[in-house]
Protein chains: 2
Amino acid sequence: MRNIKATIEYDGTNYHGFQTQLNKKLPTIQGKLESCLMRALMEPIKITGAGRTDAGVHAEGQVINFKINNNIPLERLPMVINGQLPNDIAIKVLEEVRPDFHAQYDARGKYYIYRIYNNRIPSAFHSRFSYYIPYKLDMEKIREGSRLFVGTHNFKGFSASGTNVKNFVRTIHSLDIVSNENIWEFHIQGNGFLYKMVRVIIGTLVELGKGRRDEDSIKEALNNKDRTFAGKTAPPQGLCLKKVFYS
Amino acid sequence: MRNIKATIEYDGTNYHGFQTQLNKKLPTIQGKLESCLMRALMEPIKITGAGRTDAGVHAEGQVINFKINNNIPLERLPMVINGQLPNDIAIKVLEEVRPDFHAQYDARGKYYIYRIYNNRIPSAFHSRFSYYIPYKLDMEKIREGSRLFVGTHNFKGFSASGTNVKNFVRTIHSLDIVSNENIWEFHIQGNGFLYKMVRVIIGTLVELGKGRRDEDSIKEALNNKDRTFAGKTAPPQGLCLKKVFYS
């Protein structure tokens, strides 16, 4: 058995998230990858993803691994697999790794980008890949508020329930905001992220930028560890898994 | 009656072209705009477009005009209309114009961009807005060949049949190629374009870049005015109507 690590990208718009659902009829990234890999390699394939992106969330650098028996040369694999994949999923890089490499358990950190399109006039092209906000945001306030999240915190108040996680302490290494015309990109790197954590952080910062809350309310939400103190979950299409880090 | 000129953008992926079809069940940009304008303004609206983009073709600067009886202030119109439009169509600019302004007949020129994504590895994000070519293209040859189209020519050999056009002479003012990483953009400006003309020109240049034809064959196709001498029609998703010029 060969263990293959792959870096992939996808436009998540037409998928019900990364992970295959119990109701298998809904299209997922995992389901589509596994069926295409099976067609390409002519053996059943089970993939493991570094993280389970939600419905509508995109990835520029998701990492997966899977075992194959096929002896096909590594350099031919990307073309063979991409030839089977739909246009909205692509294998970017493939490598053969040690047998015990595990895309999820070996991940040491993740890098997400959240995009906001902030303009009075909407855009037909950005709507698919950003959170459209027509009203004026106070970006200076958002920039200042964003610093509160950097560092090691208990992020229980900034995550959605629905997982078995017991430890809610995570470290955000950096949260940088980059603007380009009307696009605001939030670049967030950390050692791990709870369920919907990035989207709750963004939703909370947007409320700060709208003047609907102040910095103290964010400190309070971090201290209280209670989801009701944080802001609304920002919509999925603005989120993109940019990179997964391994040691 | 007020005559309104609007600059619009759309992601053409999910539409069967700009113009409403005889079979009205297929979604078109025009059909969607007219139904949304009717909902927004509460009167039946008939729009005129500067050009009829094909199924799958995009626009960043299509121009339309339409007559309204509604007295709504002009500055409120974009928000009212965009509130009704789907995410893949947006009104960018609106102005009230003289009663006889006609988006199609008054157009003095058009500016198209055709995008090619040229990389061994496909992209999940560019596939929607570009022509994916995995093999190596000789871009120097394409650059040289592209100069043959600039100027005034009879483009009959570079257009598809299916229109009532009698005069096939058009002037291409400029055809510039701009590259950014693996994206090649063909910026084409002219006084008018025949049916599928940009896509046939691009398809012919791609064949030149692949080494499947030489410059002489392009000169021949221009001289012979026969579609069979030109290359294949490049796919629609690479094409975008960037701007329409008025005097």
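These numbers were taken from a predicted model, which means no experiment stands behind them. Numbered from 1 within each chain, the chains take letters A, B, ... in sequence-line order.
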Heavy atoms of A124(B) and Y10(A) approach each other most closely as CB-CA, 3.7 Å
When the 4.5 angstrom heavy-atom criterion is applied to L85(B) and chain A, the contacting part is neither
#### Entry: Region of F129(B) in contact with chain A, defined by heavy-atom distances below 4.5 Å
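Just its side chain gets close to chain A.
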Heavy-atom count check: over 12 atoms from other residues, nucleotides or ligands less than 6.0 Å from [X] [atom1]?
| X | atom1 | value |
| --- | --- | --- |
| Y135(B) | OH | yes |
| K32(A) | NZ | no |
| R39(B) | CZ | yes |
| R98(A) | CZ | yes |
| K210(B) | NZ | yes |
| M42(B) | CE | no |

Among P78(A), A90(A), P134(A), the residue with the most heavy-atom pairs under 4.5 Å to chain B is A90(A)
Per the side-chain contact (heavy atoms from CB on, under 4.5 Å) rule, which among S123(A), S127(A), P122(A) passes with N87(B)?
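Single side-chain contact (heavy atoms from CB on, under 4.5 Å) partner of N87(B) among S123(A), S127(A), P122(A): S127(A).
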In this structure, CD of E75(B) is separated from CZ of R120(A) (nearest 0.5 Å) by 9.5 Å
When rounded to the nearest 0.5 Å, the distance separating CG of N119(B) from NZ of K92(A) is 6.0 Å
